[in-house]
There are 2 protein chains.
Amino acid sequence: MKQKDIKIPEATIKRLSTYINCLERLDDKGCQVVSSELLGESCQVSPAQIRKDLSYFGEFGVRGVGYATKSLTEEIKVILGLDCIWPTVLVGVGHLGHALLNFTFFREHGYRMVAAFDSDPGKIGTEVEEGLHIQPIEKLVETASREKAAIGIVTVPASSAQSTADLLVEAGVRGILNFAPFKVRVPDNITLRNVSIVSELDNLAYLLSNKKPRRRLKKKK
Amino acid sequence: MKQKDIKIPEATIKRLSTYINCLERLDDKGCQVVSSELLGESCQVSPAQIRKDLSYFGEFGVRGVGYATKSLTEEIKVILGLDCIWPTVLVGVGHLGHALLNFTFFREHGYRMVAAFDSDPGKIGTEVEEGLHIQPIEKLVETASREKAAIGIVTVPASSAQSTADLLVEAGVRGILNFAPFKVRVPDNITLRNVSIVSELDNLAYLLSNKKPRRRLKKKK
DNA sequence: TAGATTGTTAATCGATTAACAATC
DNA sequence: TAGATTGTTAATCGATTAACAATC
């Protein structure tokens, strides 16, 4: 049990999110108790890593036994802040925006989409989800602040990413998830995550072009 | 100039991809030569980091001067393997799949979508891009191997992610980019990248819930 | 108790940053 | 040459892994 102002590695947070996923699947299979060994096998992380990750936040297991699947899931959700609802808005309802609006996981994980915006006049008023109608960008600041949106998702083209982020900040969101291929800048008090789909692909291309048929550089075990 | 069997950090590869992006933008602005200082400012990476990243692959700059914008861009593309065309197939033409098929960057970065598949009979035959018609999953192995697809993109639901990956492996792809919220398993000789959009959101939620306003997370136990 | 598995510390490994000699 | 900026080495910082005492 720690919990000072110790810095938690970002990688740990990322893994915690995947632990939830794996724990839920194990629970579905009827696994009421999991060891770090089993969970590690299930989500491809070493048992030591799992125990270390959890130890940043407290003691959740029973020595000699393991972790109660359901309660560990809940504990991790609390750690990640998924025990409360995050009002979220999305800007840019192209295909990607649409994909996120429909993303089932979204609803299941404590996020609530309270508004969606687009600059295309032809899209305004379209119902994308039950009760969710696309609004014009001009309404962003007004609507998002009224709805107390905490998170803004940016799925506009690179060229309007910065101006969109600016509007979201003006509307009072506390965090921005940016999918546009442009690293936006926001004030220090706003939390920002840039997601680069192209980088992921490029990473794959790199790995492929440097993997000679017989060479083995980076083996995981 | 190094280039032995030195291990390149994954973070370096990720950054190289963003360097290309920034370099192209700087070039558009008429910047023919950039210093690591300027490029760093532009893509929010420290100058030392940039020089270190590049030094893994060779010497691309001129001391006292900087880097030629255009040629550095090209050099990085070669490093990442973006100087050749990667035939790619996509499985699962939902909103996310659609988003990727239309992603302009895709074409611009040396990937060529050679086929798209979906299990929904209602979608078969639909033209999603110029000359690209959705094919049934049953045709995956045949078509993908005939087209010599090197990369497979998985945008199916979690429940069919593993079976889709299996088919792609059977079809002979060398790398898989998986967007489904399920960590698939593939043979050692296949390069795999899992992209978790939910993890990104969860990461944001964590950062937000541990920031000032809701400071107090008292530990019991 | 004996066996199992956690939580934690210490050792290892890896990545970033700082500093500076090389050199245009 | 003087000024600028790279490429690289060494120092620092951070994350992962291994090992084991604690304990159910």
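Throughout, a chain's letter reflects where its sequence line sits, starting with A, and its residues are numbered from 1.
Distance B/E41 CD to D/dT5 P: 14 Å, rounded to the nearest Å. Remark: P of C/dT16 and NZ of A/K7 are 12 Å apart, rounded to the nearest angstrom. Atom CG of A/L39 and atom C1' of C/dT6 are 13 Å apart (whole Å). Taking atom CZ on A/R15 and atom P on D/dG14, their separation rounds to 16 Å, with Å as the unit. Rounded to whole Å, atom C1' of C/dT6 lies 16 Å from atom OH of A/Y56. Here C/dT16 presents its C1' atom at 15 Å from CD1 of B/I8, a figure rounded to the nearest Å. Rounded to whole Å, atom P of C/dA15 lies 9 Å from atom CD of B/E10. Taking atom CD of residue A/E59 and atom P of nucleotide C/dT5, one finds them 18 Å apart after rounding to whole Å.
Contact check, A/R63 against C/dG3: no side-chain N or O comes under 4.0 Å of OP1 or OP2. Dashed line: the shortest gap from a side-chain N or O of A/S36 to OP1 or OP2 of C/dT6 is under 4.0 Å. Taking only side-chain nitrogens and oxygens, A/Y67 comes nearer than 4.0 Å to OP1 or OP2 of C/dG7.
With sequence neighbours excluded, the residues satisfying side chain to side chain contact (heavy atoms under 4.5 Å, CB included) with A/D27 are A/T69, A/K70. Scanning for side chain to side chain donor-acceptor pair (under 3.5 Å) contacts around B/S199 gives A/S17, B/S196, with sequence neighbours left out. With sequence neighbours excluded, the residues that form a side chain to side chain donor-acceptor pair (under 3.5 Å) with B/K77 are B/E24. Every residue two or more places apart in sequence or in another chain was checked for a side chain to side chain donor-acceptor pair (under 3.5 Å) with A/R112, and none qualifies. With sequence neighbours excluded, the residues forming a side chain to side chain contact (heavy atoms under 4.5 Å, CB included) with A/T12 are A/I8, A/P9, A/R15, A/L16, A/D53, A/Y56, A/F57, listed by chain and number. By the side chain to side chain donor-acceptor pair (under 3.5 Å) test, B/E129 pairs with B/R107, sequence neighbours left out. Listed by chain and residue number, A/V156, A/P157, A/S163, A/T164 satisfy the side chain to side chain contact (heavy atoms under 4.5 Å, CB included) test with A/S160 (two or more places apart in sequence, or in another chain). Every residue meeting the side chain to side chain contact (heavy atoms under 4.5 Å, CB included) condition with A/E170, not counting sequence neighbours, appears here in chain and number order: A/V141, A/L167.
Between A/G64 and B/G64, the residue anchored closer to the 5' end of DNA chain D is B/G64, taking for each the nucleotide with the nearest heavy atom. Place B/P47 and A/P9 on DNA chain D by their nearest nucleotides, and B/P47 ends up nearer the 5' end.
The number of heavy-atom neighbours closer than 6.0 Å to CD of B/Q32, taken from other residues, nucleotides and ligands shown, is 12 or below.
Within residues 74-82 of chain B, no residue places a heavy atom under 4.0 Å from DNA chain D.
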Would you tabulate the pairs of protein nitrogen or oxygen atoms and nucleotide nitrogen or oxygen atoms of nucleotides 17-19 of chain C closer than 3.5 angstrom?
residue, atom, partner, partner atom, Å
C/dA19, N6, B/R51, NH2, 3.4

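Separation of atoms OH (B/Y206) and NZ (A/K14) is listed at 15.0 Å; rounding is to 0.5 Å.
Closest non-hydrogen pair, B/R51 versus B/Y67, comes out as CG-OH, 3.7 Å.
Of the candidates D/dT16, C/dG7, C/dT16, the closest approach to any side-chain atom of B/A11 belongs to C/dT16.
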| query | How would DNA chain D look in dot-bracket form, 5' to 3', counting Watson-Crick and G-U wobble pairs with both distances under 3.5 Å and writing | for bases paired to another strand? | reply | ..||||||||||||||||||||||
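Sorted by first and then second residue, the salt bridge (charged side-chain N to carboxylate O under 4.0 Å, His left out) pairs with a member in residues 34-47 of chain A read A/E41-B/R185; sequence neighbours excluded.
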